[in-house]
Protein chains: 2
Amino acid sequence: MGAGAEIQDDATDEYGIPIIPDPADAASRKRRAIIDAALAEFLAEGYSAASMDAITRGSGVSKATIYKHFGSKERLFLAVIGGVLPKTYADLEPSDSTLADAPDLRAALLRLTTDRARILLRPDIMSLRRLVIGEMDRFPQLGQLWYRVSYDMNNGPLVEAFTELHARGTLDAPDPVLAVQQLVAATVGVPQLVRTFSPDAEISDEELTRVIGSGVDLFLARYAVRP
Amino acid sequence: MGAGAEIQDDATDEYGIPIIPDPADAASRKRRAIIDAALAEFLAEGYSAASMDAITRGSGVSKATIYKHFGSKERLFLAVIGGVLPKTYADLEPSDSTLADAPDLRAALLRLTTDRARILLRPDIMSLRRLVIGEMDRFPQLGQLWYRVSYDMNNGPLVEAFTELHARGTLDAPDPVLAVQQLVAATVGVPQLVRTFSPDAEISDEELTRVIGSGVDLFLARYAVRP
DNA sequence: GTCTATACGGAGATAGAC
DNA sequence: GTCTATCTCCGTATAGAC
């Protein structure tokens, strides 16, 4: 196939001026093409069964170029997965800081956990998660990275918010770190476990909101301070 | 190497009577040796990186024999993992039926979830779990089997007990299936998630009982009926 | 920087003797 | 049923021209 972006060396712009591609730009475009093809191949086949030949075909560049850029299959894998992890979690950054000042705590928690569940249950992210888990023995760095990224971008801000709410007397959470783990486990964790072992399980929107809502209620039954 | 069980054709018993090995016994002993070596290799390397040559060396039989018994690498993998899954979960069968009649519900739940956590956090079972998750795309049957085994042997009896306790008015669990999922998620699920992405994380006994205890309290705050 | 062509080993699987 | 010896292919990685 080789449907990659071929470079037209005699291309001209709208005024007929020949476009001389910056070599650095061409190189980074190829780099992108390699990374995209490699990610698709690794997600589809796993690390060991992934073939550098297949990545070569998918990227449209030669195999030697891939090795010039990344050195080895292992380094390519780490670069690709390590690069995509932060981008993946960046999707769910917002709406955390508003939590401490939300008028309706239940509604705020519901929105936050539901958003998080919707993203983490996406098939592409579930596949990435399975891939990282399956390669933990070979690449323990990725587990550490996953945990750190997940913590920095999600649990961390929540812990801060819970600490604040505890100080204000709105929440009875003397161990905010554990409280966050439990909230996430009781909400997102439930459908995530189902999808982990049954990737094609249909989870309707009604079902999801019901489960998440019940998890938030479970959390509040223990941690909310009633007047 | 080949440290497998070699057959001594001229062996005699304590009375000097020659032992004529039953061919069927010899065959099933070799079968065992193959399965053991294959399990070790698959756990260590994953499916794709596992080598049939390595399994051959580890089992002490010839490669042709392995293929006569199992036909292909895929079939060997399914037979080995599918065979070990039920045995793995069989360890935690007992102590469920006592739950409905336990005098102290909290203590009973604590014991049950702690036992379950201790087993599921064992390194060999965590490795098996990672292997199954990582190969979900290639072998979806194993995900179904894992879920079914886990459910039949653990969640199922718990659901029955919760239904009974709900009928008696001891528990306020109109959706016992969800209640069980939440209990497991809030207790076992928390340290399990940590170990999933950080296999060598030390979890002290005190820490484990603290986390599990807090999870049980969270559960009871919502579901226990207070007079 | 990028390509084509190739080196070299190890993979899964089988033929045929016993 | 089990073995030894071998087939065939595809894997990663690189040499050398441009």
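In what follows, every chain begins at residue 1, and chains take the letters A, B, ... in the order their sequences are listed.
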- Shortest non-hydrogen pair, B/Pro86 vs B/Gly83, comes out as CD-O, 3.6 Å
- Contacting residues from residues 38-45 of chain A, given that a heavy atom lies under 4.0 angstrom of DNA chain C: none
- Item | Rounded distance (Å) that lies between atom C1' of D/dC10 and atom CD1 of A/Ile55 | 15 Å
- Task: Go through the structure and list residues passing salt bridge (charged side-chain N to carboxylate O under 4.0 Å, His left out) with A/Arg148, not counting sequence neighbours.
- Result: A/Asp152
- Step through it carefully: locate the ring centre of A/Phe139, locate the ring centre of A/Tyr47, and say whether they are under 6.0 Å apart. yes
- Not counting sequence neighbours, list each pair that qualifies as a salt bridge (charged side-chain N to carboxylate O under 4.0 Å, His left out) and has a residue in residues 186-205 of chain A. A/Arg118-A/Asp205
- Task: Rounded to the nearest angstrom, tell me the gap between atom CZ in B/Phe70 and atom P in D/dG1.
- Result: 12 Å
- Among all residues two or more places apart in sequence or in another chain, which pass the salt bridge (charged side-chain N to carboxylate O under 4.0 Å, His left out) test with B/Lys63? B/Asp53
- Message: At under 4.0 Å between heavy atoms, how does the protein contact nucleotides 3-18 of chain C? Give one character per nucleotide, 5' to 3', with B, S or -.
- Response: BB------SBBBB---
- Task: Applying ring pair (Phe, Tyr, Trp, His ring centres under 6.0 Å), name anything that partners A/Phe197, two or more places apart in sequence or on another chain.
- Result: B/Trp146
- Item | More than 12 heavy atoms from other groups under 6.0 Å of CZ on B/Arg32 | no
- Residues B/Leu183 and B/Leu109: closest non-hydrogen pair is CD2-CD2, 4.0 Å
